[in-house]
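The next block holds one structure in the form of structure tokens; read it before the comments.
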Amino acid sequence: MHELGIVFNITKQIDEIAKENKVNKVISLTVEVGEVSTVVPEYFKDCFEWAKKKTEYLKGCKLNLVVLSALSYCEDCKQTYNTVQFGKTCPHCKSEHTYLVTGNEVKMKQIEVE
Amino acid sequence: MGQVRTILLERSAFANNDERADILREDLRKAKVMLVNVMSSPGAGKTSTLTSLINNIKDKVSVAVMEADIDSDVDAKSIVKNTGVDSIQLHTGGMCHLDADMTRSGLDAIDYSKYDIIFLENVGNLVCPAEFDTGATMDIMILSTSEGDDKPLKYPLIFQKCNLVIISKIDALKYFTFDTKKCIDNIKYRNKDATIIPISNKTKEGIEELTTFFLEKIKSYKES
């Protein structure tokens with residue numbers, strides 16, 4: 001349900017981009033999702049397969065979904081670490097003065113068009 | 001077969017919505033209208049809290065409410081009946097959140113410039129509403145004691161986004177194993193700048209503090 005809203009937002013934008021670029025069809029779409037973006041890749045793929053039928057240019061589009069690792073940075077010891085494994089607490093110095101550097105993105109990377 | 005070529009996009013999936021939300025926020029700033037996006041899980045007490053708050057501020061400022069739900073108009077009717085202020089019901093057409101375009105169409109329908117503050121009661125959900133920027137000038141959330149003090153650990157984004165967290169149903173604390181101090185620590189862990197106001201819509205405890213908070217926010221927003 002949650003993924004569907006994001007998928008619709010993407011297919012709507014890609015349809016507009018396809019139209020602007022006067023293409024016949026979109027062959028593939030590459031999307032990057034971060035490990036902590038709250039997007040479940042399998043649900044996302046299912047939603048995409050359903051949603052693409054409702055578009056003008058993406059009916060035969062193949063989805064390439066790339067999952068990006070989540071990394072956090074510690075402001076105290078200046079090191080990065082794996083967010084999924086250690087959460088908000090730095091495993092090097094136990095500080096909680098940390099922030100997410102990468103891993104929460106949902107990004108439209110590129111399309112192949114004909 | 002035509003020629004295949006690649007178009008690089010390199011943009012956030014939410015970029016279109018974020019741009020429209022920024023434009024809407026700017027329009028609201030120019031019109032000196034505050035738009036408060038109210039989020040929570042279903043049943044945390046959004047409508048009840050808005051009713052308590054609005055009844056305390058409606059004589060001092062002009063207020064409207066936009067209710068967003070998947071279906072029905074029970075919330076909009078409830079607000080009109082219990083507060084007398086203008087209310088409009090938006091239907092999200094099955095979607096679990098409101099986006100900037102839906103918010104804009106709701107605001108246009110009520111002629112937003114005549115109000116000081118408009119509350120947008122988002123769809124009850126702790127995940128999707130946090131991701132789609134509505135264009136609101138302030139994001140707040142309500143967490144009820146029956147949901148548990150660990151929610152900030154489970155739903156990081158919504159707690160990071162909201163600078164006011166209202167802990168509702170504190171009259172029911174004795175029935176649940178909800179540790180208020182632990183909950184406050186968990187909220188601060190996600191967002192150290194968050195203001196936290198515990199309230200009860202039944203006993204009205206905390207409603208005065210909430211009223212003062214909003215009247216001050218409206219004043220500083222108008223002066224900015």
Side-chain angles (χ1 to χ4, degrees), chain A residues 1-34 36-40 43-44 47-48 57 62 64-65 70 72 83 87-89 96-100 103-114, chain B residues 1-21 39 41-42 68 70 92-102 122-134 150 152-161 185-193:
Chain A
M1 171 103 173
H2 156 67
E3 281 73 11
L4 187 60
I6 300 173
V7 165
F8 268 133
N9 199 39
I10 290 175
T11 54
K12 192 172 81 182
Q13 290 180 81
I14 301 291
D15 243 4
E16 283 168 16
I17 292 166
K19 198 174 179 181
E20 280 166 20
N21 285 278
K22 299 188 171 53
V23 309
N24 291 320
K25 59 182 177 181
V26 181
I27 299 166
S28 77
L29 161 69
T30 305
V31 174
E32 289 179 337
V33 293
V36 294
S37 65
T38 74
V39 166
V40 180
Y43 291 165
F44 189 95
C47 291
F48 183 81
Y57 298 94
K62 180 178 174 289
N64 301 317
L65 198 66
S72 291
T83 312
K88 204 172 182 322
T89 310
E96 287 182 357
H97 299 133
T98 61
Y99 61 84
L100 190 71
N104 65 350
E105 48 281 273
V106 181
K107 198 168 162 189
M108 303 183 296
K109 187 84 178 158
Q110 64 176 44
I111 48 175
E112 276 184 309
V113 298
E114 204 178 273
Chain B
M1 278 284 281
Q3 201 184 356
V4 176
R5 62 188 167 109
T6 301
I7 301 175
L8 287 178
L9 304 170
E10 294 286 352
R11 55 195 260 195
S12 162
F14 307 108
N16 60 338
N17 186 62
D18 290 348
E19 283 162 19
R20 283 172 206 157
M39 296 177 280
S41 29
I70 288 172
T92 59
M95 282 302 190
C96 43
H97 60 270
L98 267 185
D99 62 21
D101 284 345
M102 288 188 253
N122 215 315
V123 182
N125 183 332
L126 293 182
V127 184
C128 318
E131 279 170 345
F132 284 84
D133 191 341
T134 58
D150 55 359
L153 303 179
K154 293 178 169 180
Y155 300 91
L157 186 61
I158 196 161
F159 286 90
Q160 281 159 15
K161 201 177 163 181
D185 288 346
N186 286 340
I187 296 168
K188 293 281 181 189
Y189 177 68
R190 290 296 176 204
N191 182 354
K192 60 179 169 30
D193 301 322

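Values reported hereafter were calculated over all heavy atoms of this structure, with side chains retained and with hydrogens, waters and symmetry mates removed. Computed from a predicted structure; not experimentally measured. Here is the naming used below: chain letters follow the sequence lines, and residue numbers restart at 1 for every chain.
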- No-hydrogen, no-angle side-chain donor-acceptor test under 3.5 Å, A:S72 and A:T98: no
- Query: Have A:K62 and A:N64 got a donor and an acceptor in their side chains that come within less than 3.5 Å?
  - Reply: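 Yes.
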Heavy-atom contact with chain B under 4.5 Å, split by part of [X]:
{"X": "A:T89", "value": "both"}
{"X": "A:N24", "value": "neither"}
{"X": "A:N104", "value": "neither"}
{"X": "A:S37", "value": "backbone"}

Below 4.5 Å, heavy-atom pairs only: which of [options] has the largest tally toward chain B?
{"options": "A:V106, A:V33, A:I111", "result": "A:I111"}
{"options": "A:E32, A:E112, A:K12", "result": "A:E112"}
{"options": "A:E96, A:Q13, A:E105", "result": "A:Q13"}

- Message: Do A:K88 and B:Y189 form a cation-pi contact, if we require the NZ or CZ to be under 6.0 Å from the six-membered ring centre and within 45 degrees of the ring's axis?
- Response: yes
- Measure the shortest side-chain to side-chain distance between A:Y57 and A:I17 over non-hydrogen atoms and say whether it is less than 4.5 angstrom.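 No - every pair of side-chain heavy atoms lies 4.5 Å or more apart.
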- With a 4.5 Å limit on heavy-atom distance, are the side chains of A:M108 and A:I14 in contact? yes
- Pairs of heavy atoms under 4.5 Å with chain A: top-ranked of B:N17, B:V127, B:L157: B:V127
- Message: Using a 3.5 Å distance criterion without hydrogens, assess whether the side chain of B:D99 forms a donor-acceptor pair with backbone atoms of B:M102.
- Response: yes
